[in-house]
Student: 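Right, I'll just put the structure down here and ask away after.
Predicted, not measured: the structure shown is a model, and the values here were computed from it.
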Amino acid sequence: MANEVEGKMPGTLTGYPGGQHSLSETATPRGNQSHMTEFLLLGLTTDPKQQVWLFATFLAMYLVNVVGNSVIIAAIWGDVRLHTPMYFLLSNLSLVDICFTTVIVPQMLMNMLAQKKTILFPQCITQMYFFVAFGITDSFLLAAMAIDRYVAICNPLHYTSTMSPRRCLLLVVASWMVSHLHSLTHTILMARLSFCGPNIIHHFFCDVQPLLTLSCSDTSINELLAFTEGSFVIMSPFIFIIISYIHITRAVLRVPSGGGRYKVFSTCGSHLTVVALFYGTIISVYIRPSSTYSVTKDRVVTVIYTVVTPMLNPFIYSLRNKDMKQALRTLTRRTE
């Protein structure tokens, strides 16, 4: 084992253009090994010219995300007509989207401006924890919204009793609790690993898979958990959504008029769009063997579900929704 570790420990660790760190600067002894105290995040590119327009682009997208989702939350809580289960879940989804991108984008923007693109090991683990927690919470909330649409369309007479305020609150609390327990498990297992070098993360944040590739410990338990339990917490909400929409489609097809079918199914259009964007990208990154891991492909796909999708959600849920448009107009008049 000692020979294997020594083989993975270069004399110098290059982390950013024109700069090097000696091993003693980034590692502390741990028994017969060395443990990295910081990592170097390479980001999306090391080209200074590209970083300028990338910084402007991601700053703009982050601001649109925060402002857009904050407006959605304010509009929902400020309009009594929107105090319904569907909009309660939507307001929570908007809150999680803000938290989700805030965990990643500010650190990425600082790294674009900084010459030394480092992140301390505790900060890296913390970022990973909240990224996983908020990502899974997003997944469960999308499933809860699918259940809400299923009950509203397939069992409208029981909607009020089934989707009572108490049950909606329980759905949201359960989504947060399960997600944080899942993330805590991964974080504890990650923290027990040794990182002996190199310390270069070919990503723009501390994700699970890039960290596992840097560890000089046995990561088989982490990878097994990520593929089994991780697949379960991602796929089980997705399966709930699929089953819900199978029943919704059957119910819609039983509506006699074409106009009636369109009106019923249009209430699900926004949710289906978000589900397709979120799960289409996240499954392609995480639900596959680690041997197929691709740095370049995964960074591009990760940008979509971590930055682009949360930014688009306010537009997707408001542009085709008459109630949301009215609530936004009311909010605008109040602020004038």
Student: Tell me, with the steps shown, if M324 and L82 meet side chain to side chain contact (heavy atoms under 4.5 Å, CB included).
Tutor: CA-CA 8 Å; M324 278 302 308; L82 300 185; 3.9 Å; yes
Student: Do side-chain atoms of D218 reach the backbone of S220 as a donor and acceptor pair under 3.5 angstrom?
Tutor: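 Checking the backbone N and O of S220 against the side chain of D218, a donor-acceptor pair under 3.5 Å is found.
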Student: Which residues pass the side-chain hydrogen bond (donor to acceptor under 3.5 Å, both in side chains) test with T101, sequence neighbours left out?
Tutor: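 Per chain and number, T101 pairs via side-chain hydrogen bond (donor to acceptor under 3.5 Å, both in side chains) with N65.
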Student: Tell me, do M163 and L171 make a side-chain contact under 4.5 Å, heavy atoms counted?
Tutor: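 Side-chain contact under 4.5 Å: yes.
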Student: Going by salt bridge (Lys or Arg N to Asp or Glu O under 4.0 Å), name the pairs with one or both residues in residues 77-95, residues two or more places apart or in two chains.
Tutor: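 Listed once each, the pairs are D79-R81.
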Student: Measure the OG1-CD1 distance between T187 and I125 for me, rounded to the nearest 0.5 Å.
Tutor: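 With rounding to 0.5 Å, OG1 (T187) is 6.5 Å from CD1 (I125).
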Student: So do Q50 and W53 actually touch side chain to side chain, heavy atoms under 4.5 Å?
Tutor: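 Yes, at least one pair of side-chain atoms sits under 4.5 Å.
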Student: Output every pair passing side chain to side chain donor-acceptor pair (under 3.5 Å) with a member in residues 159-177, not counting sequence neighbours, ordered by first then second residue.
Tutor: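 Checked against side chain to side chain donor-acceptor pair (under 3.5 Å) - neighbours excluded - the pairs reaching residues 159-177 are D148-Y159.
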Student: Applying side-chain hydrogen bond (donor to acceptor under 3.5 Å, both in side chains), can you list everything that pairs with Q123, at least two apart in sequence or on another chain?
Tutor: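 None.
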Student: Decide yes or no for N199 and L214: does some side-chain heavy atom of the first lie under 4.5 Å from some side-chain heavy atom of the second?
Tutor: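 They are not in contact (no side-chain heavy atoms under 4.5 Å apart), so the answer is no.
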Student: Judged by atom type as modelled, is there a donor-acceptor pair below 3.5 Å linking the side chain of S215 to the main-chain atoms of S194?
Tutor: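 Yes, the answer is positive, given that a donor and an acceptor are paired below the 3.5 Å cut-off.
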Student: Going hydrophobic residue to hydrophobic residue with side-chain gaps under 4.5 angstrom, can you get from L224 over to M235?
Tutor: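 Looking at the clustering, M235 is in a separate group from L224.
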Student: Looking only at the aromatic ring of each residue, does the gap between the centers of H186 and Y129 stay below 6.0 angstrom?
Tutor: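 No; H186 has its ring centre 6.0 Å or more from that of Y129.
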Student: Does atom CG of L170 have more than 12 heavy-atom neighbours from other groups under 6.0 Å away?
Tutor: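 Yes, the 6.0 Å shell around CG holds more than 12 heavy atoms from other groups.
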Student: Just jot down the side chain to side chain contact (heavy atoms under 4.5 Å, CB included) partners of T309, sequence neighbours excluded, or say none.
Tutor: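 Counting only residues at least two positions away or on another chain, T309 forms a side chain to side chain contact (heavy atoms under 4.5 Å, CB included) with L277, I304, N313.
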Student: Quick one: pull up CZ in F278 and CG in L312 and give me the separation to the nearest 0.5 Å.
Tutor: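 Reported value, rounded in 0.5 Å steps: 14.0 Å.
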Student: Below 30° counts as parallel, above 60° as perpendicular, anything between as tilted: where do the rings of W77 and F88 land?
Tutor: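 Correct class here is perpendicular.
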Student: Determine whether M311 and V66 fall in the same hydrophobic cluster, where Ile, Leu, Val, Met, Phe, Trp and Tyr are linked whenever their side-chain heavy atoms lie under 4.5 Å apart.
Tutor: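 Result: yes, single cluster for both.
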Student: Provide the closest heavy-atom pair for N222 versus L212 in the form atom of the first, atom of the second, distance.
Tutor: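 Looking at all heavy atoms of both residues, the shortest contact is CB-CD2, 3.6 Å.
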Student: Report the relative orientation of the aromatic rings in F121 and F39; use parallel for angles under 30°, tilted for 30 to 60°, perpendicular for over 60°.
Tutor: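 Rings of F121 and F39: tilted, as their planes differ by 30° to 60°.
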Student: Return the set of residues passing side chain to side chain contact (heavy atoms under 4.5 Å, CB included) with P106 (not counting sequence neighbours), or none when no residue passes.
Tutor: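 In terms of side chain to side chain contact (heavy atoms under 4.5 Å, CB included), with neighbours along the sequence ignored, P106 is linked to Y62, T102.
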Student: Mind checking whether M86 and L89 have side chains closer than 4.5 Å, heavy atoms only?
Tutor: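 Side chain of M86 against side chain of L89, heavy atoms only: no contact under 4.5 Å found.
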Student: Taking K117 for its side chain and N111 for its backbone only, find out whether a donor-acceptor pair lies under 3.5 Å.
Tutor: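 The answer is yes, because a donor-acceptor pair under 3.5 Å joins these two groups.
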Student: Tell me, please, which residues at least two apart from S179 pass side chain to side chain contact (heavy atoms under 4.5 Å, CB included).
Tutor: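 Side chain to side chain contact (heavy atoms under 4.5 Å, CB included) list for S179, sorted by chain: I136, T137, F140.
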Student: Provide the closest heavy-atom pair for A251 versus I153 in the form atom of the first, atom of the second, distance.
Tutor: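 So the two residues come closest at CB-CG2, 4.1 Å.
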Student: Which pairs, with at least one residue in residues 57-126 and sequence neighbours excluded, count as a disulfide bond (SG atoms under 2.5 Å apart)?
Tutor: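 Listed once each, the pairs are C124-C206.
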Student: Give the cluster check for I282 versus I239: same hydrophobic cluster or not, with ILVMFWY residues linked at side-chain heavy-atom distances below 4.5 Å.
Tutor: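 No, I282 and I239 fall in different hydrophobic clusters.
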Student: Closest approach of F131 and D207, non-hydrogen atoms and distance?
Tutor: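 That closest heavy-atom pairing would be CE2-OD1, 3.3 Å.
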Student: By side-chain hydrogen bond (donor to acceptor under 3.5 Å, both in side chains), which residues pair with S139, not counting sequence neighbours?
Tutor: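 Applying side-chain hydrogen bond (donor to acceptor under 3.5 Å, both in side chains) to S139 gives Y279.
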Student: Nearest 0.5 Å, please: how far is OG1 in T249 from NE2 in H247?
Tutor: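 H247 atom NE2 to T249 atom OG1 measures 10.5 Å (nearest 0.5 Å).
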Student: Nearest heavy-atom pair of F130 and S183: which atoms, and what distance?
Tutor: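 That would be N-OG, 4.5 Å.
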Student: Side chain to side chain contact (heavy atoms under 4.5 Å, CB included) for Y305 and T302? Distances and angles first, verdict last.
Tutor: CA-CA 6 Å; Y305 76 82; T302 303; 3.8 Å; yes
Student: Students often mix this up, so state it plainly: with edges at 30° and 60°, are the rings of F204 and F58 parallel, tilted or perpendicular?
Tutor: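 Rings of F204 and F58: tilted, as their planes differ by 30° to 60°.
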Student: If I take atom OG1 from residue T57 and atom CG from residue L44, how far apart are they, to the nearest 0.5 angstrom?
Tutor: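 It is 10.5 Å, given to the nearest 0.5 Å.
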Student: Tell me, with the steps shown, if H203 and L211 meet side chain to side chain contact (heavy atoms under 4.5 Å, CB included).
Tutor: CA-CA 10 Å; H203 217 312; L211 282 174; over 6 Å; no
Student: Assess the residue pair Y245 and I241 against the criterion (side chain to side chain contact (heavy atoms under 4.5 Å, CB included)); give the C-alpha distance rounded to whole Å, side-chain angles, the decisive distance to 0.1 Å, and a yes or no.
Tutor: CA-CA 6 Å; Y245 275 104; I241 293 170; 3.7 Å; yes
Student: Quick check on side chain to side chain contact (heavy atoms under 4.5 Å, CB included): which of M110, Q127, E38 does I119 satisfy it with?
Tutor: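 With I119 as partner, M110, Q127, E38 yield a single side chain to side chain contact (heavy atoms under 4.5 Å, CB included), made by Q127.
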Student: Taking all atoms of both residues into account, what is the closest heavy-atom pair of T306 and P310, and its distance?
Tutor: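 Looking at all heavy atoms of both residues, the shortest contact is O-CG, 3.6 Å.
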Student: Should Y317 and H271 count as side-chain neighbours, where that means a heavy-atom distance under 4.5 Å?
Tutor: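 Yes. Closest side-chain heavy atoms under 4.5 Å.
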Student: With a 4.5 Å heavy-atom cut-off, do M108 and M112 have their side chains touching?
Tutor: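 Yes, close enough: below the 4.5 Å cut-off.
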Student: Quick one: side-chain hydrogen bond (donor to acceptor under 3.5 Å, both in side chains) partners of T219, sequence neighbours excluded?
Tutor: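 Result, side-chain hydrogen bond (donor to acceptor under 3.5 Å, both in side chains) vs T219: E223.
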Student: So do F205 and V105 actually touch side chain to side chain, heavy atoms under 4.5 Å?
Tutor: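 SC-SC contact between V105 and F205 ruled out.
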Student: Going from CG on L328 to CD1 on I76, what distance comes out if it is rounded to the nearest 0.5 angstrom?
Tutor: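 Going from CG on L328 over to CD1 on I76, the span is 9.0 Å.
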Student: Could you tell me which residues satisfy side chain to side chain contact (heavy atoms under 4.5 Å, CB included) with L63, sequence neighbours excluded, listed by chain and number?
Tutor: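 Here the qualifying residues are L59.
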Student: Are the side chains of P314 and V71 in touch, meaning some heavy atoms are under 4.5 Å apart?
Tutor: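 No, their side chains stay 4.5 Å or more apart.
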Student: What pairs meet the disulfide bond (SG atoms under 2.5 Å apart) rule with one or both residues in residues 133-175, with sequence neighbours excluded?
Tutor: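 Not a single pair qualifies under disulfide bond (SG atoms under 2.5 Å apart).
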Student: Can you get from V103 to L120 by hopping between Ile, Leu, Val, Met, Phe, Trp and Tyr side chains that sit under 4.5 Å apart?
Tutor: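 V103 does not cluster with L120.
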Student: Is it true that L157 and I147 fall in one hydrophobic cluster, defined by side-chain heavy atoms closer than 4.5 Å?
Tutor: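 No, it is not one cluster - the side chains of L157 and I147 are not joined through contacts under 4.5 Å.
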Student: Calculate, to the nearest 0.5 Å, the distance between atoms CD1 and CG belonging to I221 and L189 respectively.
Tutor: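 Result: 7.0 Å between the selected atoms.
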Student: With side chain to side chain contact (heavy atoms under 4.5 Å, CB included) as the test, pick out the partner of L90 among I73, N69, I72, L141.
Tutor: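 When side chain to side chain contact (heavy atoms under 4.5 Å, CB included) is applied between L90 and each of I73, N69, I72, L141, only I72 qualifies.
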